[in-house]
Amino acid sequence: MKTLAEQYSDIKKQIPANVELVAVSKTHPADAIQILYDAGQRVFGENKVQELVEKYEILPKDIAWHLIGHLQTNKVKYIAPFVHTIQSVDSEKILQEIDRQAEKCGRNIQVLLQIKIAEEDSKYGLTFEDAEKIIELKMKGEFPNITITGLMGMATFTENKEQIKKEFAALQNFYNKVSAYFHLEKLSMGMSDDFSLAVLCGSTSVRIGSAIFGARDYR
Ligand SMILES: *Cc1c(COP(=O)(O)O)cnc(C)c1O
């Protein structure tokens, strides 16, 4: 059995140096995060607000925490004081609340717009049209306390590589289209099972959990 540090180092080697690695630590204890931190990892992703806050409180303060799971408006206030990036912006309403809470904290919060690219009936994510509308509002001066740094997408949960590739390519196309008139730097796509394919499709940030930490134990 490989140690966590060895597993991390193996994955790290498979990711090009110019692609960001978000280590998805959801369900894993703070000690496991600390081991990766000691190996040099600074960017971690969590999908639940309460778990994120608890880990933030006990772990080193220079960790860049990314929220990658659906966010409810009444919970934005708990993470606004410290969160680095909210990757899961899936409505105009949540963006308004993030902007409001960022202002209260005197911060500017980075966000990614989560786009629904999967064919399956996933609940969350903006259409390309919704995302363009939000970007237009931002360009007109709305949401002054947030910076839209990029887009995030999750492919269909399937073995069919062609299907996944098609979905990543659609998001890459849209990213390129928007980049022609609005500055973006992050295209967040790719998880444990599909990050190599995502990188081939232009991903600049991958979110990897189980390939580093092992299977999650949901209780
Ligand atoms: C859990 C999760 C991941 C990581 O998934 P793995 O398959 O464990 O790598 C990536 N992105 C999001 C949005 C997630 O919820």
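All residue numbers in this chain count up from 1 along the given sequence. Note that ligands are numbered from 1 as they come in the structure, with each ligand's atoms numbered from 1 the same way. Below, all heavy atoms of this structure are taken into account, side chains as well, without hydrogens, waters or symmetry copies.
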Taking distance alone, with no angle check, do V24 and ligand 1 share an N/O pair under 3.5 Å? no

Heteroatom distance test (D193, ligand 1): nitrogen or oxygen, under 3.5 angstrom: no

Any heavy atom of K26 under 4.0 Å from ligand 1? The part involved is side chain

At less than 4.0 angstrom from any non-hydrogen atom of M154, what atoms of ligand 1 do you find? 13 (C)

Are there more than 12 heavy atoms of other residues, nucleotides or ligands under 6.0 Å from atom NZ of K165? no

In terms of its nearest heavy atom to atom 9 (O) of ligand 1, the top option of G45, A23, A211, S192 is S192

Charged tip of K61 within 45° of Y56 ring normal and under 6.0 Å: yes

Within less than 4.0 angstrom of ligand 1, does R216 place any heavy atom? yes

Quick check on I208 - does any of its heavy atoms sit under 4.0 Å from an atom of ligand 1? yes

Check side chain to side chain donor-acceptor pair (under 3.5 Å) between E54 and all other residues, then give those that pass, not counting sequence neighbours. Q50

Taking a hydrophobic cluster as the set of Ile, Leu, Val, Met, Phe, Trp and Tyr residues connected by side-chain heavy atoms closer than 4.5 Å, whether directly or through intermediates, do V43 and F195 fall within one such cluster? no

Path from I68 to V19 over hydrophobic side-chain contacts below 4.5 Å: no

Sequence neighbours left out, what pairs pass side-chain hydrogen bond (donor to acceptor under 3.5 Å, both in side chains) with at least one residue falling in residues 103-116? N108-T147

